[in-house]
Number of protein chains: 2
Amino acid sequence: MSKMPTVKDVAEYAGVSVGTVSRVLSGEAAVKPLLREKVNDAISALGYRPNVTARALRTSRTDVIGLIVPDITNPFFAQLAASVERAALERAHSLMLASSHDDREAEQSHVSAFLHRSVRGIIVVASSDGSGLHLPASVPIISLDRRFGTFPLVSTNHAQAAALIADHLYGLGHRRITYIAGPADTEAGRMRKEGFVGRMEEFGKTGQPVELEIAYGRFDYESGERIARDLLSRPAQDRSTAIAAASDQQAIGALRAARDLKIDVPRKLSVTGFDDISLANLVVPRLTTIRQPADMLARRAVGLLLAEPPGAEDEMVDGSLIVRGSSGPCPQPKADIAGHTN
Amino acid sequence: MSKMPTVKDVAEYAGVSVGTVSRVLSGEAAVKPLLREKVNDAISALGYRPNVTARALRTSRTDVIGLIVPDITNPFFAQLAASVERAALERAHSLMLASSHDDREAEQSHVSAFLHRSVRGIIVVASSDGSGLHLPASVPIISLDRRFGTFPLVSTNHAQAAALIADHLYGLGHRRITYIAGPADTEAGRMRKEGFVGRMEEFGKTGQPVELEIAYGRFDYESGERIARDLLSRPAQDRSTAIAAASDQQAIGALRAARDLKIDVPRKLSVTGFDDISLANLVVPRLTTIRQPADMLARRAVGLLLAEPPGAEDEMVDGSLIVRGSSGPCPQPKADIAGHTN
DNA sequence: CTGAAAGCGCTTACAG
DNA sequence: CTGAAAGCGCTTACAG
């Protein structure tokens with residue numbers, strides 16, 4: 001490691017100029033087969049690997065992709081980060097990671113830090129809508145999952161996916177439903193809510209009306225638990241028979257509240273989530289939810305970033321409904337009376 | 001961004017040489033106050049920021065810390081990564097992240113990729129013991145949580161912490177205990193087991209003997225669930241009254257198995273974990289576990305890495321016992337008969 | 001204490 | 001198609 005061979009060493013060994021070495025390295029320029037071979041022999045004989053820093057200084061371009069997430073500790077973002085790393089690796093790029101902690105200033109400063117080390121491009125899962133609005137982007141920037149400024153967004157089709165949940169709950173007979181929304185200042189939060197509410201309104205017109213209650217929270221466990229606890233403290237006849245949450249974490253919080261209040265899920269209450277984090281399949285009961293195809297999202301984001309010219313169009317990927325044990329038929333009024341009350 | 005000012009611009013603006021600019025930048029060399037002030041004025045007037053790439057090329061040293069974890073999707077590693085990022089940021093360094101997926105080759109290749117981009121240092125949470133043995137380290141390497149090769153390790157005192165769990169369960173009256181161990185090819189797995197078993201053997205000598213059953217698995221949910229399911233399928237009188245797991249994930253898997261088999265935790269069975277991932281406080285019942293001080297571990301690892309000369313000694317941090325609802329007094333034989341059997 | 005100059009390892013017009 | 005040379009933006013002996 002202490003004395004790495006350089007282009008100069010390779011050139012000498014191969015008996016050519018450094019320019020020629022560089023040309024075979026790039027693969028672009030035309031080089032006579034004989035020389036190319038000599039150079040390649042020299043490269044493997046010497047175990048030469050190009051110095052990325054020198055290359056970066058010269059071209060002001062690196063093979064590093066910067067990723068900013070609100071919080072790597074959030075299981076969905078962790079999954080997204082893992083997928084982005086894999087996708088980057090597939091395309092011979094490395095990953096630089098930063099957390100914004102849902103703070104716009106931190107987010108901004110991470111972006112400029114990345115810009116400043118001339119990363120190849122930046123993928124950001126925005127902390128909130130307004131963030132990143134006026135950025136002089138010297139490298140491509142792609143929004144992932146949550147829109148960052150006006151940069152192209154790769155995300156699940158939140159509205160379509162949320163409508164899948166609406167269909168599912170309606171199909172099970174639920175007519176009184178609480179929707180736990182995500183923050184209204186995130187596009188994901190709004191789109192999921194609109195998709196869900198919109199579909200329910202359609203049902204109201206074409207089928208049986210649905211009584212919808214909407215509560216707003218953050219995407220985390222605590223919000224879900226708190227909101228569900230409020231709701232479930234009411235007598236059974238005064239509350240919804242289903243809770244649709246905007247995130248798995250909220251839904252898991254709701255599950256916990258139900259458990260604490262001894263309300264049987266799914267027999268007295270259905271609960272659904274959104275994301276399909278790995279935990280969703282481990283809670284009791286296992287959570288009905290929407291699977292977001294993290295690998296595909298990541299691959300597309302990296303694809304847009306690396307494309308020439310970089311992609312400028314949004315890309316939507318469909319989510320899919322995963323039915324598990326936390327959702328079931330709407331409880332019958334009779335059963336309600338027979339069942340234990342609280 | 002397109003035209004960043006350089007040392008040359010600053011030098012011209014301040015009426016000094018680039019060497020002088022560089023000297024005030026470094027802060028090390030002595031520069032006359034007057035010139036220093038002129039340079040600083042020029043820097044702020046121009047909004048100059050040094051080009052990290054050029055600096056790296058010249059000094060073959062960057063302000064990037066490379067972190068390799070087995071799997072960022074594992075909540076404990078995510079927590080560790082978040083803490084390392086924070087600690088790095090505190091010391092004005094950035095984080096490059098790579099996942100080994102518990103594969104030694106991938107781990108190795110990430111290390112050399114990092115070495116190759118002359119990171120400031122590398123922190124690795126090893127995939128397994130043997131990994132990283134013979135590395136010509138041109139930059140400091142620190143093992144975090146799990147030993148990588150022979151590099152200095154910063155970790156929780158696994159043995160001490162595991163003994164805390166042993167004390168706790170013994171104190172609750174349990175005399176028949178199953179220990180779910182982590183992989184024997186990880187130091188963490190072995191140390192935790194030894195700490196636990198060692199303490200139990202002490203009890204055997206000084207107090208009442210403990211009947212100990214040991215099962216080996218990986219650190220994940222599935223291992224815990226599978227092993228617990230096997231154990232709990234036996235009639236109550238033929239099985240342990242407590243399960244101590246080597247990780248929270250295993251413990252949560254065990255909780256799920258108990259739930260499926262309708263075995264009441266903690267009244268019929270106590271379950272304990274290790275790590276205190278955020279989920280530990282959300283499962284039902286909440287998990288008794290060992291808290292690993294991720295922030296402190298991270299800060300120390302970064303500290304060793306950045307020290308001059310880099311730290312060469314292992315550092316141990318004590319874990320602490322967090323008692324929650326998943327552990328309770330050993331069930332009395334009478335209660336066993338009265339309770340529901342399976 | 002300061003300036004002029006070399007050099008880190010590449011890439012890329014510029015000639016030929 | 002290939003070589004010689006300039007230059008990316010810094011830092012650091014080397015003189016003075």
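All chains are named by letter (A, B, ...) in the order of the sequence lines, taking the proteins before the strands, and each is independently numbered beginning at 1. This is a predicted model, so every value here is computed, not measured.
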A.B. asks: Name the stems with DNA chain C in them: runs of three or more consecutive Watson-Crick or G-U pairs, distances under 3.5 Å?
C.D. replies: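 Looking at DNA chain C, the stems formed by three or more consecutive pairs are C:1-3 with D:14-16, C:5-12 with D:5-12, C:14-16 with D:1-3.
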
A.B. asks: Give a yes or no on this: more than 12 heavy atoms of other residues, nucleotides or ligands lie within 6.0 Å of atom CE of A:Met296.
C.D. replies: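 Atom CE in A:Met296 is not crowded, with 12 or fewer foreign heavy atoms closer than 6.0 Å.
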
A.B. asks: NZ of B:Lys32 versus P of C:dT2: gap in Å, rounded?
C.D. replies: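 Nearest whole value for this atom pair: 6 Å.
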
A.B. asks: Indicate for each nucleotide in nucleotides 10-16 of chain C, in 5' to 3' sequence, whether protein heavy atoms under 4.0 Å reach the base (B), only the sugar-phosphate (S), or nothing (-).
C.D. replies: BBBB---

A.B. asks: Without decimals, in angstroms, what is the distance between A:Leu57 CG and C:dC8 C1'?
C.D. replies: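 About 9 Å, once rounded to whole Å.
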
A.B. asks: Do A:Ser155 and A:Met316 make a side-chain contact, defined as non-hydrogen atoms from C-beta onward lying under 4.5 Å apart?
C.D. replies: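 When only atoms from C-beta onward are counted, A:Met316 and A:Ser155 do touch, with a gap below 4.5 Å.
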
A.B. asks: Provide, to the nearest angstrom, the distance between the CG atom belonging to B:Asp9 and the C1' atom belonging to D:dG9.
C.D. replies: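 Computing the B:Asp9:CG to D:dG9:C1' distance gives 10 Å.
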
A.B. asks: Report the residues that fulfil salt bridge (Lys or Arg N to Asp or Glu O under 4.0 Å) with A:Glu308, sequence neighbours left out, ordered by chain and then residue number.
C.D. replies: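 A:Glu308: salt bridge (Lys or Arg N to Asp or Glu O under 4.0 Å) contacts with A:Arg61, A:Arg120.
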
A.B. asks: For the pair made of CD in B:Glu12 and P in C:dA4, what is the distance, rounded to whole Å?
C.D. replies: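 That distance rounds to 12 Å.
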
A.B. asks: Whole-Å distance between D:dG9 C1' and A:Arg117 CZ?
C.D. replies: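 Value for this atom pair: 15 Å.
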
A.B. asks: Indicate yes or no: at least one non-hydrogen side-chain atom of A:Leu25 is less than 4.5 angstrom from one of A:Val10.
C.D. replies: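 Of all side-chain heavy-atom pairs linking A:Val10 with A:Leu25, none is under 4.5 Å.
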
A.B. asks: Roughly how many Å is it from CE in B:Met4 to C1' in D:dC8, rounded to a whole number?
C.D. replies: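 Those two atoms, CE and C1', are 13 Å apart.
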
A.B. asks: Please identify which of these residues, B:Asn157, B:Leu297, B:Leu80, meets the side chain to side chain contact (heavy atoms under 4.5 Å, CB included) condition with B:Gln292.
C.D. replies: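 Only one option passes, and that is B:Leu297.
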
A.B. asks: Please answer whether the main-chain N or O of A:Leu153 pairs with a side-chain N or O of A:Ser143 as donor and acceptor at a distance below 3.5 Å.
C.D. replies: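 Side chain of A:Ser143 to backbone of A:Leu153, a donor-acceptor pair under 3.5 Å: no, none is there.
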
A.B. asks: For A:Arg36, look at atom CZ and say whether over 12 heavy atoms of other residues, nucleotides or ligands are found less than 6.0 Å away.
C.D. replies: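 Yes - once you tally the heavy atoms of other residues, nucleotides and ligands closer than 6.0 Å, there are more than 12.
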
A.B. asks: Choose from C:dG3, D:dG3, C:dT2 the nucleotide whose nearest atom is closest to any side-chain atom of B:Leu35.
C.D. replies: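 Selected nucleotide (nearest to the side chain): C:dT2.
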
A.B. asks: With a 3.5 Å distance limit and no angle check, can you tell me whether B:Ser83 reaches the backbone of B:Gln79 through a side-chain donor-acceptor pair?
C.D. replies: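 Looks like yes, one N/O pair under 3.5 Å.
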
